[in-house]
Amino acid sequence: MKAPMHTSAAVIASLVSDPSRSAMLTVMLDGRYHAAGELAQTAGVQPQTASFHLTKLTEAGLIAVEKQGRHRYYGIAGPEVARVMESLLSIAPPAPIKSLRQATEDQALRYARTCYDHLAGSLGVRLTQCLVGRGILAEGDGGFDVTTEGEAFLGRFGVDIDGAKRKRRSFSQKCLDWSERRHHLAGALGHALLERLMELGWVERNPHSRAVKLTAKGRVGLRESLALDMDVEEGVG
């Protein structure tokens with residue numbers, strides 16, 4: 001006798017399995033809100049079709065809508081949705097690369113990107129591993145614990161740990177990185193760390209992509225503060 005599939009899970013699976021909806025959700029993994037026209041262009045569908053898909057995703061609670069006057073902007077509903085999408089991408093076959101532009105973008109995303117509101121890609125994974133190796137984080141089953149030495153270090157670094165703990169979300173969660181197949185730091189602490197790196201000018205967002213650029217200042221800063229050398233990584237620009 002077959003075990004019945006949970007109805008809610010089946011609905012979510014059917015929504016995410018559609019190529020157009022999946023493409024839109026992947027774009028929204030940058031944690032920003034996007035206009036419907038932009039999402040339609042990304043998914044390669046007509047505006048009316050995009051509107052239909054966005055309505056379905058909104059009704060399922062996968063995305064949220066922000067209204068500004070007559071315009072609507074769409075974004076991932078929360079970190080849980082982003083984590084599920086990132087996990088699905090980690091087991092999905094890679095999309096075929098058909099142009100130099102796609103190859104360049106793919107390389108940039110694999111090197112460093114945002115996963116909703118925290119750092120992912122090679123940079124995110126290597127930074128997380130470095131924090132564990134230096135005894136700043138201790139790895140657990142479902143997440144990371146900040147050590148006593150880690151709290152002191154992150155405080156000196158300018159990360160608001162107390163503020164992150166007050167957030168109504170997981171504090172220091174593991175997130176499976178789709179390109180590295182290893183975990184990077186997520187949760188409120190992951191977000192606070194990314195915000196601090198951007199404040200320092202060590203990383204910069206790409207306005208047209210969720211790829212993140214590690215700046216020359218950032219490469220020096222990571223080397224001096226954590227002995228983390230990213231210069232040898234392919235894709236540094």
Side-chain angles (χ1 to χ4, degrees), residues 16 22-34 42 62-63 75-95 102-133 136-137 139 142-144 154 159 164 167 169-200 202-215 218-219 221-222 226 228-230 232-237:
V16 175
S22 179
M24 293 178 185
L25 287 167
T26 301
V27 170
M28 287 184 273
L29 281 176
D30 63 0
R32 293 177 284 201
Y33 280 76
H34 300 262
T42 299
L62 296 180
I63 63 175
I76 290 286
E80 295 82 7
V81 179
R83 189 165 60 253
V84 170
M85 286 301 299
E86 189 83 1
S87 297
L88 288 174
L89 288 170
S90 71
I91 60 175
Q102 287 182 327
T104 301
E105 176 66 11
D106 180 71
Q107 185 182 52
L109 287 171
R110 289 174 180 275
Y111 178 70
R113 64 182 181 274
T114 52
C115 176
Y116 185 57
D117 64 355
H118 55 270
L119 190 61
S122 177
L123 177 59
V125 168
R126 289 197 59 192
L127 178 56
T128 300
Q129 291 178 327
C130 182
L131 294 174
V132 172
I136 296 167
L137 298 179
E139 192 167 1
F144 299 96
L154 292 172
V159 176
K167 301 287 186 180
R169 57 182 294 191
S170 61
F171 173 61
S172 52
Q173 199 163 14
K174 289 180 178 178
C175 185
L176 182 60
D177 195 282
W178 67 259
S179 57
E180 295 292 309
R181 304 295 199 274
R182 290 175 289 179
H183 292 105
H184 56 247
L185 175 65
L189 182 59
H191 173 58
L193 181 57
L194 175 58
E195 289 290 302
R196 182 55 179 156
L197 292 173
M198 289 193 293
E199 286 175 4
L200 292 170
W202 290 13
V203 298
E204 296 177 348
R205 284 183 179 270
N206 185 323
H208 306 295
S209 167
R210 67 187 183 108
V212 171
K213 178 183 178 181
L214 175 64
T215 65
R219 291 196 292 273
L222 289 177
L226 289 167
L228 176 58
D229 189 357
M230 295 297 295
V232 298
E233 287 289 309
E234 185 178 0
V236 174

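Side chains are part of it too, since the values below use all heavy atoms of this structure and drop only hydrogens, waters and symmetry mates. This one's a predicted model, so the numbers in the text were calculated from it and none came from an experiment.
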**Intermediate values then yes/no, side-chain contact (heavy atoms from CB on, under 4.5 Å), His184 and Leu119** = CA-CA 8 Å; His184 56 247; Leu119 190 61; over 6 Å; no
**Request:** Check the side chains of Arg113 and Ser179 for a donor-acceptor pair under 3.5 angstrom, ignoring hydrogens and angles.
**Result:** yes
**Prompt:** With no hydrogens and no angle check, is any side-chain donor or acceptor of Asp177 less than 3.5 Å from a backbone partner on Arg182?
**Reply:** no
**Asked** Any salt bridge between Lys174 and Glu139, counting N to O under 4.0 Å?
**Response** yes
**Residue from Leu193, Val132, Val125 passing side chain to side chain contact (heavy atoms under 4.5 Å, CB included) with Leu185** = Leu193
**Message:** I want to check something: taking the side chain as every heavy atom from C-beta on, are Ser122 and Arg110 in contact at a cut-off of under 4.5 Å?
**Reply:** no
**Prompt:** Does the side chain of Ile63 come within less than 4.5 Å of Leu25's, by heavy atoms?
**Reply:** yes
**Fill in**
Between the NE2 atom in His118 and the CG atom in Leu194, the distance rounded to the nearest 0.5 Å is 9.0 Å
**Prompt:** Do the non-hydrogen side-chain atoms of Val203 and Met198 ever get within less than 4.5 Å of each other?
**Reply:** yes
**Request:** State, to 0.1 Å, how close Ala164 and Phe171 come at their nearest heavy-atom pair, and which atoms those are.
**Result:** CB-CE1, 3.8 Å
**Item:** Test side-chain contact (heavy atoms from CB on, under 4.5 Å) applied to Leu88 and Val84, step by step
**Value:** CA-CA 6 Å; Leu88 288 174; Val84 170; 4.2 Å; yes
**Prompt:** Heavy-atom distance under 4.5 Å between the side chains of Phe144 and Leu131, does that happen here?
**Reply:** no
**Message:** Counting C-beta onward and ignoring hydrogens, is there a side-chain heavy-atom pair between Val159 and Leu189 closer than 4.5 Å?
**Reply:** yes
**Request:** State, yes or no, whether a side-chain contact exists between Tyr116 and Glu86 at a heavy-atom distance under 4.5 Å.
**Result:** no
**Request:** Mind checking the CH2-CG spacing from Trp178 to Leu109? Nearest 0.5 Å is all I need.
**Result:** 6.0 Å
**Message:** Would you compute the distance between atom CG of Asp229 and atom SG of Cys130 and round it to the nearest 0.5 angstrom?
**Reply:** 11.0 Å
**Message:** Within this structure, what is the CG-CG distance for the pair Leu123 and Leu228, rounded to the nearest 0.5 Å?
**Reply:** 7.5 Å
**Prompt:** Below 4.5 Å, heavy atoms only, C-beta onward: do Arg169 and Asp117 meet side chain to side chain?
**Reply:** yes
**Message:** Strictly below 4.0 Å, N to O, side chains only: are Glu80 and Arg83 in salt-bridge contact?
**Reply:** no
**Message:** A side-chain contact here means heavy atoms from C-beta on lying under 4.5 Å apart; do Thr128 and His183 qualify?
**Reply:** no
**Asked** Where do Arg205 and Thr114 land on the side-chain contact (heavy atoms from CB on, under 4.5 Å) test, with the steps shown first?
**Response** CA-CA 8 Å; Arg205 284 183 179 270; Thr114 52; 3.7 Å; yes
**Request:** Would you sort out whether Thr26 and Thr42 count as a side-chain contact (heavy atoms from CB on, under 4.5 Å), showing the intermediate values?
**Result:** CA-CA 10 Å; Thr26 301; Thr42 299; over 6 Å; no
**Interatomic distance, Asn206 atom CG to Asp30 atom CG [nearest 0.5 angstrom]** = 10.0 Å
